[in-house]
Amino acid sequence: MCRGQRCQTSVARPWSNVLTIQGTNKPFTMNLLAEIRSRFADVLAQYVEDPSGLIDLVRRSQDAKFGDYQANVAMPLGKRLSRPPRDIAAEIVEKLEIDDLCEQPEVAGPGFINLRIRDARLVDLLTDTAGDQRLGVPRVEAPRTYVVDYSAPNVAKPMHVGHIRSTVIGDALVRTLRFLGHQVIGDNHIGDWGTQFGMIIYGYRHFLDEEAYAKSPVRELARLYRLVNQLVEYHACREKIPELKQQIAQLQGELEQSGAEAASGDKKAKKARRRLESRLQELRDQLREAEQKVAAVDADPMLAELARQHADVGEAVLRETARLHAGDEENLKLWRQFMPACLREIERVYERLGVKFDVTLGESFYHDQLPDVVADLKARGLAVESDGAVCIFLENSPAPMIIQKKDGAYLYATTDLATIRYRMKTWSPDAILYVVDHRQSLHFEQLFAVARKWGYTDVELTHVSFGTVLGEDGRPFKTRSGDTVGLEGLLDEAVRRARRVVAANDDAKPGGPELSEAERDQIAEVVGIGALKYADLMHNRTSDYVFSYEKMLNDRGDSATYLQYAYARVRSIFARGNVRPEALYEAGASLLLETPEERGLAMQLLRFAEALEQMLADYRPNVLTAYLFELADRYFSPFYDRCPVLKAENPRLRDSRLLLCDLTARVLKQGLALLGIQVVEKM
RNA sequence: GCGCCCGUAGCUCAGCCGGAUAGAGCAGCGGACUUCUAAUCCGCAGGUCGGAGGUUCGAAUCCUCCCGGGCGUGCCA
């Protein structure tokens, strides 16, 4: 495994067996918000039949001056019961049995109920949290079985930046679901049966450099893929260019005609004109791209000659692919020969990213099940032939789902259906999550609808969609020919930048550098990879993702680096003070929450479970990154700034603050771990 | 044409099944290192939440229309 992981060996361990919990015997795990909500549910049941809708209105307060939690239930109730909301609020407060947990609730404004957790309770709860390996995060009462379908690259093609999102988001979901006690099967549904193998097979037959292949099969296969792909594109582009030019000319003509109408000020004409213009621009971009690809080959005499000799390479590649699918022995043999190298290639990237799958069942795995899937759907009357293709027509769907082409070939819809059937039969999951970009939302809508009709009604099927990877120009990211931003290159760049910053920071330390070269390397790996992942996870996944080195490798502000640094600073307090966290617990250190900073930090630490629950409610890792950043920035920073730890006024206060430090470190570490991001003890 | 998504500070974004004064980061300005790591902290400035209506005690959030952008839409994945 990568070097980064070894950095953590001396990290604080949980020590739940050391701590004696005072005042309670129940095994402690508590989601504070959930507890408060359940108290309210009891009271609300007296007002409405089903309080579940109202219960969401019990939530965390935005501002400390409104207490820790607030219930906004009185206003809608007032409406429903035609009574003054403030009266209802007062009545609810009267009936509420929450005295053990909170101060006397206050009614404010139009009927807000503000709750402040009792300091003594806060101390108890946090003491329990400190003694808990799981940091107060309960295991779910009813564990579910999840299949998470993520990453899914096409093997035999180099992985690029577009693969980051699915991989990183999926990994975070898998880790977090598992931490909460669910059973999770992480499945990498790789593309291992597509046209790219036709390309490689063709390349292998015509352009193989045997010496290079013997030396590094992966590299040679990648070269063959790129070469054949370039030739195929060359011919395709050459064919397309006249067409494009004609379309452009035609559009220009239309545009000139529409000019007069638009000038008349008619709104519709103007709009139509704008649409024409943008379509024209699109075509021009396509033309420019095609011309560039052609020019790149023409400029290289060797390539140009190859292109001339292999004029029908596009057709030939499809033929090789079809032969593979038809079970041709020769091609199958080559496929089997290539696959291990291809798998090793992606595995190397996953290892570096620290991502592990439980199963890797790609398209090829389902290949021989496809005829039966189509036959079954036909037999049930779900699928019918139309224009020679086998289609499934759905209500409210703009197009049918095609599961077999008129030439007999299957499509990825077919594979996806076979995959659902296999997963249901094999694991009987309660939920299948597809971490796939949002451009495929129609496909999943149809897929899920068909699955329901097919009889799989008892499973949650969710498309965990995410935004498109955009280039710096704001256009959808595309690999420029010959200038691919490979994923590995990106990782290298991230680590290289991190290495520079690590070194600079270490050199600038007042007492002189503290890190060896090897340590610097380890830290750079953890920091670089962490920055990359965090940049992705911190955004709402539904937003488009603008690819930018600057942003992805951000090491300041709201970034993984900031959190890792916060962790290292906390840990350095223990190093500097020569304190083992375990010793605090053995000595029975207790908490004192006397300043707003200490209380605020304590409260935030207690909310870890809430953050995780909220993250999983919509499968949104950015909820957790936001929680962690808030913990470090809004709560820990002021504490660190104003509450001296090692130089606290007295030993009791010092120990209390050390406990807060330890908890902060553990929550940061655990939270980042759930995001697939590591920490280091020193940076 | 139809469908889905988006429009919030100069830039990048959070907040969106209605809640109290709309938040961060970056960039800008001003401060803080003989002090538990300055990859830091403290402070200042910055907004008609694309526009117009509507729903109501309350709208960035829900509804309608409009403007602007992206994506998808019968034989790619």
Side-chain angles (χ1 to χ4, degrees), chain A residues 53 56-57 59 61-63 65-66 70 72 75-76 78-79 85 108-112 114 152 154 191 194-195 267 271 274 278 363 386-391 393 396-407 409 411-413 415-416 436-443 445 465 467-468 470 474-476 498 501-502 504-506 508-511 514 527 538-540 542-544 546 548 550-551 554-559 561-562 564-566 568-577 622-623 625-626 629-630 633-634 637-638 640-648 657-658 661 682-683:
Chain A
D56 288 347
L57 297 175
R59 57 185 64 168
S61 297
Q62 282 181 5
D63 194 309
K65 74 178 171 217
F66 300 132
Q70 64 179 48
N72 307 335
M75 285 81 79
K79 176 97 183 160
F112 296 105
N114 293 334
N154 281 320
T195 316
K267 261 189 166 177
K271 197 172 167 183
R274 257 201 303 278
S278 88
E363 292 169 336
S386 170
D387 292 342
V390 181
C391 301
F393 288 90
N396 305 322
S397 203
M401 180 176 230
I402 297 174
I403 55 174
Q404 190 170 18
K405 300 202 290 185
K406 62 182 166 197
D407 68 2
L411 296 103
Y412 84 134
T415 308
D416 275 348
V436 180
D437 83 88
H438 80 268
R439 283 178 291 194
Q440 296 192 35
S441 52
L442 177 60
H443 165 69
E445 212 177 281
S465 70
T468 313
L470 303 175
R475 317 259 324 148
V501 182
V502 168
N505 188 58
D506 191 40
K509 280 175 185 162
E514 296 173 357
V527 169
M538 72 177 289
H539 291 109
N540 185 329
T542 57
S543 306
D544 282 348
V546 178
S548 141
E550 287 305 315
K551 266 178 287 182
N554 182 23
D555 62 358
R556 307 169 55 184
D558 190 359
S559 68
T561 313
Y562 176 88
Q564 288 164 328
Y565 186 63
R569 282 198 302 166
V570 184
R571 295 290 303 148
S572 82
I573 293 176
F574 289 91
R576 177 66 60 107
N622 74 309
V623 172
T625 63
F629 181 66
E630 201 172 44
D633 182 60
R634 182 169 162 193
S637 275
Y640 183 82
D641 199 38
R642 285 164 227 157
C643 301
V645 178
L646 295 174
K647 291 176 186 166
R657 288 177 176 172
L658 280 167
C661 286
K682 288 189 290 188
M683 9 188 341

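Atoms considered below: every heavy atom in the structure, side chains included; atoms not considered: hydrogens, waters and symmetry mates.
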Original post:
Rounded to the nearest Å, what distance is computed from the NE2 atom of residue A/His438 to the C1' atom of nucleotide B/rG72?
Top reply: 8 Å
Subject >> Any donor-acceptor N/O pair under 3.5 Å between B/rA77 base and A/Tyr412 side chain >> reply: yes
**OP:** Mind calculating the distance between CZ (A/Arg642) and P (B/rC41) to the nearest angstrom?
**Re:** 12 Å
Original post:
Touch check for A/Pro76, heavy atoms < 4.0 angstrom, all strands: base, sugar-phosphate only, or nothing?
Top reply: base
Subject >> Distance between P atoms of B/rU8 and B/rU61 (Å, rounded) >> reply: 14 Å
**OP:** Please identify each residue that fulfils ring pair (Phe, Tyr, Trp, His ring centres under 6.0 Å) with A/Tyr562, with sequence neighbours left out.
**Re:** A/Phe629
**OP:** Provide, to the nearest angstrom, the distance between the CD atom belonging to A/Gln70 and the C1' atom belonging to B/rG19.
**Re:** 7 Å
Subject >> pi-stack flag for A/Phe112 and B/rG19, centroid dist under 5.5 Å, interplanar under 30° >> reply: no
Original post:
Which part of the nucleic acid does A/Lys406 contact within heavy-atom distance under 4.0 Å: base, sugar-phosphate only, or nothing?
Top reply: base
Original post:
Does A/Asn114 get its side chain close enough to the base of B/rA20, under 3.5 Å, for a donor-acceptor pair?
Top reply: yes
Original post:
For atom C1', what is the distance between B/rG31 and B/rA45, given to the nearest Å?
Top reply: 15 Å
Original post:
At their closest point, which heavy atom of A/Leu411 faces which heavy atom of A/Gln404, and how far apart are they?
Top reply: CD1-N, 3.8 Å
**OP:** Go through B/rA39, B/rA77, B/rC57 for me and flag the one nearest to the A/Val501 side chain.
**Re:** B/rA39
Original post:
Is the base of B/rA24 touched by the side chain of A/Glu630 through a donor-acceptor pair closer than 3.5 angstrom?
Top reply: no
Original post:
Hey, does A/Arg634 reach any base, or is it just sugar-phosphate, or nothing, if we go heavy atoms under 4.0 Å?
Top reply: nothing
Subject >> Which nucleotide in B/rU40, B/rA38, B/rC75 has an atom nearest any side-chain atom of A/Tyr562 >> reply: B/rU40
**OP:** Name the nucleic acid region contacted by A/Ala575, choosing base, sugar-phosphate or nothing; use a 4.0 angstrom heavy-atom cut-off, strictly under.
**Re:** nothing
Original post:
Rounded to the Å, how far apart are A/Asp544 CG and B/rC71 C1'?
Top reply: 8 Å
Subject >> Residue mapping more 5' on RNA chain B - nearest nucleotide basis, A/Arg569 or A/Pro510 >> reply: A/Pro510
**OP:** Report yes if the ring of A/Phe66 lies under 5.5 Å from the six-membered base ring of B/rA20 with planes under 30°, and no otherwise.
**Re:** yes
Original post:
What pattern of brackets, bars and dots sums up RNA chain B from 5' to 3', given Watson-Crick or G-U wobble pairs under 3.5 Å, [ ] for crossing pairs and | for another strand?
Top reply: (((((((..((((.....[...)))).(((((.......))))).....(((((..]....))))))))))))....
**OP:** Have a look at A/Asp387 and say if it touches a base, only the backbone sugar-phosphate, or nothing, with a 4.0 Å heavy-atom cut-off.
**Re:** base
Original post:
At under 4.0 Å between heavy atoms, what does A/Val502 touch on the DNA or RNA strands: base, sugar-phosphate, or nothing?
Top reply: base
**OP:** Assign each of A/Asp407 and A/Pro638 to its nearest nucleotide of RNA chain B by heavy atoms, then name whichever residue's nucleotide is nearer the 5' end.
**Re:** A/Pro638
Original post:
In whole Å, what separates the P atom of B/rG10 from that of B/rG18?
Top reply: 30 Å
**OP:** For the pair A/Ser637 (side chain) and A/Arg634 (backbone), establish whether a donor and an acceptor sit closer than 3.5 Å, ignoring hydrogens and angles.
**Re:** no
Subject >> N/O donor-acceptor pair, side chain A/Ser278 with base B/rG69, under 3.5 angstrom >> reply: no
Original post:
Taking the same atom, C1', in B/rU12 and in B/rG19, what whole-Å distance lies between them?
Top reply: 28 Å
Original post:
Considering only the P atoms, how many Å lie between B/rC17 and B/rC62, rounded to the nearest integer?
Top reply: 7 Å
**OP:** Write down the distance between CG (A/Asn540) and C1' (B/rU61), rounded to a whole number of angstrom.
**Re:** 14 Å
Original post:
Contact class for A/Leu411 vs. all strands (heavy atom < 4.0 Å): base, sugar-phosphate, or nothing?
Top reply: sugar-phosphate
Subject >> C1' atoms of B/rC49 and B/rA14, separation to the nearest Å >> reply: 13 Å
Original post:
Below 4.0 angstrom, N of the basic side chain to O of the carboxylate: do A/Glu514 and A/Lys682 qualify?
Top reply: no
**OP:** Could you state the atom-to-atom distance from CZ of A/Arg439 to P of B/rC4 in whole Å?
**Re:** 19 Å
**OP:** Can you tell me the distance, in whole Å, between the CG atom of A/Leu57 and the P atom of B/rG18?
**Re:** 7 Å
**OP:** Please report, rounded to the nearest Å, how far the P atom of B/rC4 is from the CG atom of A/Asp437.
**Re:** 18 Å
**OP:** Would you check if there is a donor-acceptor pair between the side chains of A/His443 and A/Asp416 at a distance under 3.5 Å?
**Re:** yes
Original post:
With sugar-phosphate meaning primed atoms plus P, OP1 and OP2, does A/Ser572 contact a base, only sugar-phosphate, or nothing at under 4.0 Å between heavy atoms?
Top reply: base
